[in-house]
Amino acid sequence: MKYLSEFRDERLARMFTERICERAAGLGQLTFMEVCGSHTMAIARYGIRRMLPENIELISGPGCPVCVTPNKYLDHAIALGRKPEIILSTFGDMLRVPGSTSSLEKERANGSDIRVVYSTMDAVEIARRHPDKLVVFLGVGFETTAPTIAASIVQAEQTGVSNYFVLCAHKTMPKPMEAIASGKKMPLDGFICPAHVSTIIGSRPYDFLAEKYGKYCVIAGFEPVDILESVDMLIAQAVAQIPKVEIQYSRVATVEGNPTALHLMADVFEVCDAQWRGIGDIPASGLRLKERYSRFDAAKQIAVEVEPTIEETGCICGEVMQGLAKPPECPLFGTVCTPESPVGACMVSSEGSCAASYKYEQVL
Amino acid sequence: MQYDKILLGHGSGGKLSHQLIDELILPYFSNKTLKELNDAAVLDYSGQKMVFSTDSYVVDPIEFPGGDIGKIAVCGTVNDISMMGAKPLFLSVGFIIEEGLPLETLRRILASMHKAAEEAGIQIVTGDTKVVPNGAADKLFINTAGIGVPYTKNIPSGGRAEIGDQIIINGPIAEHGITVMASREGLAMDLALQTDSAPLNGLVEKIMTVSENIHVLRDPTRGGIATTLNEIARQSSVGIRIDENQVPIAPAVASACEILGLDPLYIANEGKMLVICSLDDTHRVLETMRAHKYGRESRIIGSVLKEPKNRVFLKTVIGGQRVIDMLTGEQLPRIC
């Protein structure tokens, strides 16, 4: 495939790996966090961790939207799905995430009408085709998906689709990175910053991580050569001891971001506090629908009784997502908690760090 | 069983399907023949060996670029019999039809079955039709069963992979699954995708005549080559190493996988087979395959090792290494 094969080129990968090994040889231990779930998956899928020298460690962060969605939200979605007049539509990743006592997958087997869509516009289309039903889209994700959900709401409004709703649990990115950067629990030298989130928000929102917290930052693409080049750039910053925000993913991400998407988000959403599964409440790290769009807000418009939330026990997803523990350190990993019967969200999501570790990084 | 209801994941061909078969179904029917769990059963009736197989088809949509439910129903059972190193002879067909299916659609599908049967050189000798009320089935489901006779006494089996054997595939992967999936998303035409559905008995006959050392033949349908290779590694208690750079994949399929976020190693094929044979015979088998119309793009994609036992691992395109596990959960329901 043109424009993709270059970023998966074995020769280029070897060149970067050799340069990383050379440059890292004189340095002490360096720990970088890949924040985004897609990076976690690519690192595991291409076997990148094993290609790096021993003193360079990559740890996974909180950037998997499914993983950070709290039980309470899932319970709410499940309760909505049990109402016969409701069609739930969702991105596929949410299906198997365990809520307090059930999951959307099990609810579907029990008769809830739950439809997986690839685009928010498909959800609006479902609403248009079923005027006698209430169609609720599960609005989960970071700045990458938030603009598409904003667009679906604007579209529903413009085309007069009145039975389309969003159950909104959007989160925004730089805040949890600050929570991790400011923590003293682990030595962290820098971030491999998210790719798609950065194409929306640009590079400026990360500047404070370099300036205030002295973290090296590189916005990286998702392909294996992108990631290796980004690690090389992080090491170059570490050698020079000048923390800054650089863009490796320059074919898509810019300093300014995507103004159209940002305007759309600002039109539809406002900032709110948000609960992150396993991490807790982070102020000003979420998005909710503005008052003007509240008629699309499933939480406000559709009354439903939600079962009491039970947080899972024994799972250390929260620590895994903050980079404080590695997946195999969880006592449930690979025994009680597997992709077939996940306990924590990190094992369910295709981008979760436990799933990546279980699927691709088992010891050979 | 860890669930008290059937989930779609139980039909994925991956881990949950195996759990369903091993823990729920096998205990009721267990016998020596069934326990082999190959694509088809090998029967010994008064000294005459026969191969017997069945499969049901529920693909949605029922027509897609390059094929339809009828073509895969014929080719699928022909291939399951062929994978035992056997010549398929006779098929049965059962139709479960939803009330309201346009006759014209059924006619097209029957014509396509006729064509596939003719190409495979088999006869459809018995059948059944049932019609169910609107909503009790989705348009059309088809079951086929078939019998055949083995070419050799050394019947290939998932448990016969030997250390040092080479692994060959007869062409680019993931075409069927991605075509069906993209059809649902309205992308198939844009990307010029086509199912690879084809009867492989002709190709199997050719290689069975040039080598006595074909140890394993498998068609990687649901769950893709990743799941099939895992089954073989476990059945044979060997390790399997695959070189990602050698696994053929068409650019359009690779693009569609990127767009839909799917891993081609786990995507269903309907006209592909994995051939595992001794190192000495590899060249001859490969050349024979390449001379056949369904094997022109055949390639060696990996080899069988002593360790790590029961595991499949991949040398990635950039030179890293990782495990390939079986499919977990539901990736693409109703793909075949």
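Everything numeric in this text was worked out from a predicted model, so none of it was measured. Throughout, protein chains are lettered first and strands after them, A, B, ... in sequence-line order, and every chain is numbered starting at 1.
With values rounded to the nearest 0.5 angstrom, A:Lys359 atom NZ is found 10.0 Å from B:Ile324 atom CD1. Here B:Asn245 contributes atom CG and A:Arg8 contributes atom CZ; the two are 11.0 Å apart, rounded to the nearest 0.5 Å.
The closest side-chain heavy-atom distance from B:Asp325 to A:Tyr360 is not below 4.5 Å. A heavy-atom distance below 4.5 Å is not found between the side chains of B:Leu7 and A:Arg108. The shortest side-chain heavy-atom distance between A:Tyr118 and B:Met181 falls under the 4.5 Å cut-off.
Ranked by non-hydrogen atom pairs under 4.5 Å with chain B, the options A:Asn110, A:Val225, A:Leu12 are led by A:Asn110. Highest contact tally toward chain A, considering only B:Ile318, B:Ile249, B:Val317, is held by B:Ile318 [criterion: heavy-atom pairs under 4.5 Å].
Open room surrounds CZ on A:Arg11; 12 or fewer heavy atoms of other groups in view lie less than 6.0 Å from it. Taking a 6.0 Å sphere around CD of A:Glu54, one finds it holds 12 or fewer heavy atoms contributed by other residues, nucleotides or ligands.
Salt-bridge check for B:Lys5 with A:Glu107: failed, with every basic side-chain N at 4.0 Å or more from each acidic carboxylate O. Looking at B:Lys315 and A:Glu10, a side-chain N of the basic residue comes within less than 4.0 Å of a carboxylate O on the acidic one, giving a salt bridge.
Between the side chain of B:Arg322 and the main chain of A:Arg45, a donor-acceptor pair closer than 3.5 Å is present.
Proximity to chain B is limited to the backbone of A:Ala44, based on heavy atoms less than 4.5 angstrom apart. For a residue to count as touching a neighbouring chain, one of its non-hydrogen atoms must lie under 4.5 Å from one of that chain's; by this rule B:Leu314 does not touch chain A.
Evaluation of the side-chain contact (heavy atoms from CB on, under 4.5 Å) rule for B:Arg296 yields B:Lys293 as partners, not counting sequence neighbours. Legend: residues meeting salt bridge (charged side-chain N to carboxylate O under 4.0 Å, His left out) with A:Glu34, ordered by chain and number and at least two apart, are A:Arg49.
The two residues B:Gln321 and A:Arg50 make their nearest non-hydrogen contact at O-NH1, 3.1 Å.
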